[in-house]
Amino acid sequence: MKTKSVILTCVLSVAVSASAGDYTGHLTADQLKRVTINPIPLEYKFQNEKLPRREAADPVCEWFNGKYYLFASRSSGYWTSDDMANWTYIPAPSIKNINHYAPTVMVSGDALYFTSSGTNEVYRTSHPETGEWECVTDKFPFQETDPCLWQDDDRRVYFYWGCAPDKPIYGVEVDPSRDFTPIGEPVALITHDISRHGWEVNGHDNDRNVNGFNEGATINKINGKYYLQYACPGTQYHVYGDAVYVGDSPLGPFECQTDNPFSFKPGGFLYGAGHGHTFNDRYGNLWHVSTMCVSVRHGFERRLGFFPAYVDKDGTLNTHTVMTDYPYLMPDGKRDFSRDDLSLGWSLLSYGKAASASSTLRGAKAEEATVGLENPWKINNCFEPSNAVNEQVGNWWAAALGRSGEWLCIDLGRQMDVNAIHVNFPDHGLVKRADESYIYRYKLEGSNDGRTWTMLDDRSKNQTEHPHALKAFADPVKMRYVRLTNCEDMPEGAHFAVSGLRVFGRADGRAPERVSDVKATRGDDRRRINLEWQPVDGATGYIVRWGISPDRLTNAGMVYGDSRFEGGFYHTVADYYFTVDAFNESGITRGRKVVAAK
């Protein structure tokens with residue numbers, strides 16, 4: 001294998017701020033309402049084919065008539081919000097194809113239009129807050145997978161589709177006044193090119209050397225350019241992301257953006273940032289909402305995430321995805337996302353800490369619980385308490401039963417300032433139909449000695465169906481122990497279980513030393529680059545940043561428990577540049593040495 005590695009030394013001008021701009025250590029009542037996290041806290045709906053699971057994917061979000069509206073596959077409705085942090089569910093039984101995959105929503109004048117995969121119906125409403133829609137045609141000429149219906153600023157309407165390992169992403173102009181019949185012939189806009197585009201290669205690590213699925217097209221017009229986006233290589237993979245082609249007209253020709261994928265999250269508690277939608281918020285900030293992966297029971301076990309996006313001075317579309325599964329503050333005004341990633345600067349305090357529980361599912365029953373899972377390899381050490389603090393959403397602690405009173409406790413090791421607690425439930429053993437729900441009722445408590453407990457969040461009478469829930473505090477609360485207790489007997493066969501009891505704040509002490517010895521290796525297969533570095537004492541983990549210019553490292557991934565990062569998702573025509581940050585409970589130390597892989 002040939003090695004081409006160069007080390008440059010500089011202070012990166014592109015390093016985004018580790019703050020949300022207006023956070024000073026105390027959260028006002030308004031700010032506290034706007035603290036959120038990925039996955040988006042929503043009523044993720046059960047699906048009942050194969051193993052029961054929750055699912056939402058293929059999202060679309062639009063700001064319309066003073067509200068945000070968020071749509072996702074198989075959700076029986078959609079959500080609305082004033083601030084993108086707090087969402088209210090709206091059932092929509094009037095849309096007959098609401099539970100098809102891959103919804104597409106078009107804003108046209110005073111109305112929203114809706115259709116989805118494999119259907120000939122299009123619906124319309126001027127009042128989405130009511131949940132009432134009318135069918136405007138049942139003669140839609142395309143029953144394609146992963147549709148995108150989009151109106152340009154000249155009011156001409158276009159339709160895009162594609163979801164296959166062997167077919168292109170297509171587009172065509174359509175006439176809404178004639179049942180959306182095509183104007184002209186469909187045009188092949190994006191074809192597979194795995195010889196150059198590593199991100200299109202199938203496999204969990206882009207390692208199978210065959211085409212993945214190019215799918216989920218969406219388009220935006222930004223600064224006079226057309227950004228045609230698509231997902232690959234497959235929704236079940238941690239390398240699932242969105243790439244983009246750029247052109248001067250809605251039907252091309254388009255040129256592949258060199259810095260791809262532009263939406264990408266290959267690590268962290270929750271991974272994946274594919275099959276998404278780019279939109280403007282009420283302040284003109286650009287966002288990308290994407291599909292995130294759990295994919296244990298079924299490849300389509302998925303969640304949703306919001307990511308700040310921006311187009312830089314060279315016209316390149318970028319997103320911030322790293323640490324978006326940490327709490328962040330939704331903006332209340334215009335932000336420069338090229339410099340501000342909305343982070344609150346809180347550290348993860350719970351990773352790898354001692355965890356204890358009232359009981360644990362073990363033995364033959366634990367082994368039986370993994371039978372039939374599509375990805376049973378994700379279950380680590382069966383269902384031990386340590387799984388709740390290992391930063392992997394795909395495995396979890398499970399109590400022996402689902403009784404009221406079952407508890408999980410984390411010892412942070414010493415007293416720390418806690419700003420937020422993120423609770424994640426994996427629905428172990430819950431068997432629900434698609435029209436059923438399950439609401440967790442629990443309480444969160446804190447202690448300094450493990451004997452005397454203070455209530456932090458009493459949800460014993462909870463009425464909100466959020467399997468992923470965040471509790472943030474206006475001011476940090478000092479504690480050493482955090483305890484989560486079940487407050488209601490679960491249905492027969494279900495077990496009280498937690499895939500992540502994640503504690504955020506700041507510990508006294510020093511941030512880790514700077515990572516210095518970084519080596520990048522790129523062989524004859526230029527789609528793959530391997531990065532290795534010397535571990536830093538006291539580091540909890542690392543943030544690997546990369547880009548196609550040494551002063552624009554616009555992509556990032558997180559690494560826990562290792563000192564290497566390998567990817568097969570690179571573009572063969574580009575040189576890449578890397579730094580490695582080290583972080584722990586006391587902060588982040590930015591990498592300064594830039595390593596080139598040419």
Side-chain angles (χ1 to χ4, degrees), residues 36-61 68-81 84 86-105 114-119 123 128-129 131-133 146 216 235-236 270 272 274-277 289-306 373-374 393-394 396 423-441 462-470 490-491 493-494 497 499:
T36 190
I37 197 169
N38 289 328
I40 306 169
L42 296 173
E43 298 90 334
Y44 293 95
K45 299 301 180 181
F46 284 96
Q47 313 297 325
N48 58 6
E49 72 272 11
K50 202 176 179 182
L51 286 178
R53 67 186 189 279
R54 294 188 199 252
E55 177 185 342
D58 319 319
V60 177
C61 188
Y68 297 100
Y69 292 94
L70 174 63
F71 299 77
S73 293
R74 308 292 294 272
S75 295
S76 299
Y78 48 91
W79 295 265
T80 186
S81 175
M84 287 177 59
N86 301 279
W87 294 89
T88 300
Y89 179 70
I90 300 174
S94 60
I95 302 176
K96 302 307 180 187
N97 55 0
I98 189 67
N99 278 328
H100 288 218
Y101 279 108
T104 180
V105 177
F114 175 99
T115 191
S116 53
S117 288
T119 180
Y123 290 82
E129 72 279 4
E132 294 297 324
W133 297 64
D146 288 3
T235 189
Q236 70 272 40
L270 198 68
H275 198 141
H277 176 244
V289 58
S290 289
T291 304
M292 307 186 78
C293 306
V294 178
S295 301
V296 175
R297 296 169 179 84
H298 188 282
F300 283 7
E301 185 179 12
R302 299 170 292 179
R303 304 293 189 261
L304 306 181
F306 281 126
L373 300 181
E374 189 161 296
V393 73
W396 52 84
V423 181
N424 300 268
F425 297 109
D427 304 317
H428 186 112
L430 271 175
V431 179
K432 293 289 181 182
R433 298 191 310 268
D435 59 347
E436 293 182 319
S437 62
Y438 185 78
I439 295 174
Y440 286 93
R441 296 189 168 101
N462 183 29
Q463 297 298 318
T464 304
E465 188 188 6
H466 284 177
H468 307 274
L470 180 69
M490 299 181 69
S499 57

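Bear in mind that the values here come from a model prediction, so they are computed numbers and not experimental data. Throughout, numbering of the chain's residues begins at 1 and tracks the sequence.
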Next on the checklist: Could you tell me if the side chain of Glu436 sits less than 4.5 Å from the side chain of Phe46, heavy atoms only?
Outcome noted: no
Next on the checklist: Arg441 vs Gln463, test: side-chain contact (heavy atoms from CB on, under 4.5 Å). Steps then yes/no.
Outcome noted: CA-CA 8 Å; Arg441 296 189 168 101; Gln463 297 298 318; 3.3 Å; yes
Next on the checklist: Evaluate Met84 against Phe306 for side-chain contact (heavy atoms from CB on, under 4.5 Å), listing each step before the verdict.
Outcome noted: CA-CA 9 Å; Met84 287 177 59; Phe306 281 126; 3.9 Å; yes
Next on the checklist: Looking at every non-hydrogen atom in both residues, tell me the closest pair between Asn97 and Ser116 and how far apart they are.
Outcome noted: O-OG, 3.0 Å
Checklist outcome for this item: dist Tyr68:OH -> Thr88:OG1 (nearest 0.5 Å) comes out at 14.5 Å
Checklist outcome for this item: Looking only at heavy atoms, the pair that brings Ile40 and Val289 closest together is CD1-CG2, 4.3 Å
Item to check | Carboxylate-amine/guanidinium proximity below 4.0 Å for Arg302 and Glu55 | outcome: yes
Checklist entry - Hey, does Arg54 have a side-chain heavy atom less than 4.5 Å from the side chain of Pro467? => result yes
Next on the checklist: Ring centres under 6.0 Å, that's the criterion: do Tyr440 and Tyr438 meet it?
Outcome noted: yes
Item to check | Heavy-atom side-chain contact between Leu42 and Leu70 under 4.5 Å | outcome: yes
Checklist entry - Has Lys45 got its NZ or CZ under 6.0 Å from the middle of the six-membered ring of Tyr89, at an angle within 45 degrees of the ring axis? => result yes
Next on the checklist: Ignoring hydrogens, what is the shortest heavy-atom contact between Ala72 and Pro103? Give both atom names and the distance.
Outcome noted: C-CG, 3.8 Å
Checklist entry - So how far is it from Phe114 CZ to Tyr123 OH, rounded to the nearest 0.5 Å? => result 9.0 Å
Next on the checklist: Using the rule side chain to side chain contact (heavy atoms under 4.5 Å, CB included), only one of Thr104, Val105, Val60 pairs with His277; which is it?
Outcome noted: Val60
Checklist entry - Which heavy atom of Asp146 sits nearest a heavy atom of Ala102, and at what distance? => result OD1-CB, 3.3 Å
Next on the checklist: Could you measure the distance from the SG atom of Cys293 to the CZ atom of Phe300? Nearest 0.5 Å is fine.
Outcome noted: 10.5 Å
Checklist entry - Yes or no on side-chain contact (heavy atoms from CB on, under 4.5 Å) for Asn38 and Leu270, after CA distance, side-chain angles and deciding distance? => result CA-CA 8 Å; Asn38 289 328; Leu270 198 68; 5.5 Å; no
Item to check | Tyr101 six-ring face occupied by Arg74 cation (under 6.0 Å, within 45°) | outcome: yes
Checklist entry - How close do His275 and Thr291 get, heavy atom to heavy atom, and via which atoms? => result O-OG1, 3.3 Å
Item to check | Stepwise side-chain hydrogen bond (donor to acceptor under 3.5 Å, both in side chains) check, Glu43 with Trp79 | outcome: CA-CA 9 Å; Glu43 298 90 334; Trp79 295 265; 2.8 Å; yes
Checklist entry - Rounded to the nearest 0.5 Å, what separation is found between the NZ atom of Lys432 and the OG atom of Ser437? => result 7.0 Å
Next on the checklist: Under a 3.5 Å distance rule, please check whether His468 uses its side chain to pair with a backbone N or O of Pro39 as donor and acceptor.
Outcome noted: no
Next on the checklist: side-chain contact (heavy atoms from CB on, under 4.5 Å), that's the test. Do Ile98 and Trp133 meet it? Break it down for me.
Outcome noted: CA-CA 11 Å; Ile98 189 67; Trp133 297 64; over 6 Å; no
Checklist entry - Nearest heavy-atom pair of Arg297 and Leu373: which atoms, and what distance? => result CG-CD2, 3.9 Å
Next on the checklist: Measuring only between side-chain heavy atoms, which start at C-beta, is Ile90 closer than 4.5 Å to Pro128?
Outcome noted: no
Next on the checklist: Just by distance, no angles: are the side chains of Asn424 and Ser499 close enough, under 3.5 Å, to form a donor-acceptor pair?
Outcome noted: no
Item to check | Heavy-atom side-chain contact between Glu301 and Val296 under 4.5 Å | outcome: yes
Checklist entry - CG of Asn99 to OG of Ser73: how many Å apart, nearest 0.5 Å? => result 9.5 Å
Checklist entry - Would you say the side-chain atoms of Arg303 and Tyr44 include a donor-acceptor pair closer than 3.5 Å? => result no
Item to check | Heavy-atom side-chain proximity of Glu132 to Ser94 below 4.5 angstrom | outcome: yes
Item to check | His298 side, atom NE2; Arg53 side, atom CZ - distance, nearest 0.5 Å | outcome: 4.5 Å
Next on the checklist: Between Ser76 and Asp435, is there a side-chain donor-acceptor contact under 3.5 Å, judged purely by atom types and distance?
Outcome noted: no
